[in-house]
Amino acid sequence: VTDRPIRILGIPGSLRQHSYNRGLIRAAQDVAPEGVEVELYLLHDIPFFNGDVEDIGDPDAVVRFKEAIREADGLLIATPQYNRSIPGVLKNAIDWASRPPRGSALDGKPTAVFGASPGATGTARAQSQLRQAFVFTSTPRCPPRNPGLPRRREVRRNRPPHAREDAGVRREASDGAGGVDAEAGGWLAANRERHDSGVERRGAAP
Ligand SMILES: Cc1cc2nc3c(=O)[nH]c(=O)nc-3n(C[C@H](O)[C@H](O)[C@H](O)COP(=O)(O)O)c2cc1C
């Protein structure tokens, strides 16, 4: 057991400047308990996956992304839902990070998934598909929760400008995220101990 903070890499699956899912990661930063640091990681620089490019060598943005994942104790992914599925931007980043298939940066990395979208079922389907991908990458998933995150139209009731809209999302998301905070914190701490002790460090190079 170490005294260093638990480091969480927070990844929004949207490139939009006023993304609700980026807001969720910021909300997680706001409600992170003492001893937990959440770093916001944006996916703007990640190119489309291309096996020919990979054969030559990972592009710098991909190298940085994989390093950030390896250095983190866990991942927190906020996904929008696009056409009942995962946004391509997020899936593409996960595809890069999943390589090489054995011993990838995602292998054994504790990961929690949540998200915000305006539809009636929120991001349930996108989250489910993400968890499915993480089965293949041997990425331990935090048990699913339903924190009751806000639907966009509730935030838009008064047609606020972006600044107020962002603030509203962050406030309401904080309320929702706070509900799962204690349980998720305990789960991460337990996983970090296993990770640090090597018990779950699967696929590591000999
Ligand atoms: C191509 C596309 C498909 C979408 N499909 C869905 C959907 O299936 N369900 C849903 O609730 N919202 C859907 N939306 C709405 C997004 O979830 C919404 O725009 C959300 O705010 C995007 O996340 P962001 O705010 O983090 O950028 C879709 C949006 C786009 C652009």
Side-chain angles (χ1 to χ4, degrees), residues 8-32 37-49 61-62 64-65 68-69 72 74-98 106 109 111-135 139 141-181 184:
I8 304 299
L9 197 67
I11 305 169
S14 167
L15 305 183
R16 212 163 63 84
Q17 187 181 359
H18 298 288
S19 155
Y20 295 98
N21 290 280
R22 198 189 297 192
L24 282 184
I25 298 296
R26 293 220 167 96
Q29 291 177 314
D30 290 346
V31 301
E37 291 172 359
V38 180
E39 180 192 349
L40 174 66
Y41 199 95
L42 301 177
L43 300 175
H44 289 68
D45 294 343
I46 310 279
F48 286 133
F49 180 81
V62 173
R64 285 195 299 273
F65 184 48
I69 293 174
L75 308 182
L76 178 62
I77 299 181
T79 183
Q81 180 162 297
Y82 282 2
N83 299 314
R84 299 192 166 182
S85 188
I86 313 167
V89 160
L90 180 57
K91 181 63 165 50
N92 179 61
I94 289 168
D95 290 342
W96 274 114
S98 71
L106 293 172
K109 187 66 60 179
T111 296
V113 173
F114 65 166
S117 76
T121 57
T123 56
R125 289 184 176 91
Q127 291 187 41
S128 163
Q129 289 176 15
L130 264 181
R131 291 200 169 85
Q132 217 174 337
F134 287 143
V135 171
T139 305
R141 283 87 50 208
C142 184
R145 297 277 181 265
N146 180 8
L149 295 171
R151 306 259 298 276
R152 182 171 64 174
R153 62 175 153 272
E154 292 165 12
V155 179
R156 293 175 77 188
R157 207 170 286 139
N158 301 317
R159 296 299 305 160
H162 275 312
R164 272 172 49 204
E165 199 169 311
D166 286 351
V169 170
R170 285 180 68 177
R171 189 179 60 252
E172 295 190 35
S174 295
D175 293 345
V180 294
D181 180 56

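On a predicted model such as this, the values are computed, not experimentally measured, just so you know. Read the numbers this way: they start at 1 and go in the same order the structure lists the ligands and their atoms.
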Let me confirm one number: the OG-CD1 distance from Ser14 to Ile25, rounded to the nearest 0.5 Å. 11.5 Å

Looking at ligand 1, does any of its N/O atoms fall within less than 3.5 Å of an N/O of His18? no

Under 4.0 Å from any heavy atom of Pro80, which atoms of ligand 1 are there? 22 (C), 23 (O), 26 (O)

Enumerated ligand 1 atoms positioned under 4.0 Å from heavy atoms of Gly119: 10 (C), 11 (O)

Which is it for Ser19 and ligand 1 at heavy atoms under 4.0 Å: side chain, backbone, both or neither? both

May I ask you to decide whether Arg26 forms a salt bridge with Asp30, counting only side-chain N to carboxylate O separations under 4.0 Å? no

Under the 3.5 angstrom rule, does the side chain of Glu37 hit a backbone N or O of Ile8 as a donor-acceptor pair? no

Decide yes or no for Leu42 and Leu15: does some side-chain heavy atom of the first lie under 4.5 Å from some side-chain heavy atom of the second? no

Any N or O on Tyr20 sitting closer than 3.5 Å to an N or O of ligand 1? yes

Using a 4.0 Å cutoff against the non-hydrogen atoms of Asn21, which atoms of ligand 1 qualify? 23 (O), 24 (P), 26 (O)

For Ser14, take its heavy atoms, then give the atoms of ligand 1 lying under 4.0 Å from any of them. 24 (P), 26 (O), 27 (O)

Check: Ser117 side chain, Gly122 main-chain N or O, donor-acceptor pair, under 3.5 Å: yes

Options Gln81, Gln17, Arg84, ranked by nearest heavy atom to atom 13 (C) of ligand 1, top entry: Gln81

Just by modelled atom types, is the Val38 backbone N or O under 3.5 Å from a matching donor or acceptor in the Gln29 side chain? yes

Under-4.0 Å heavy-atom contact with ligand 1, by part of Arg16 that carries it: side chain

Do the side chain of Asn92 and the main chain of Pro47 share a donor and acceptor less than 3.5 angstrom apart? yes

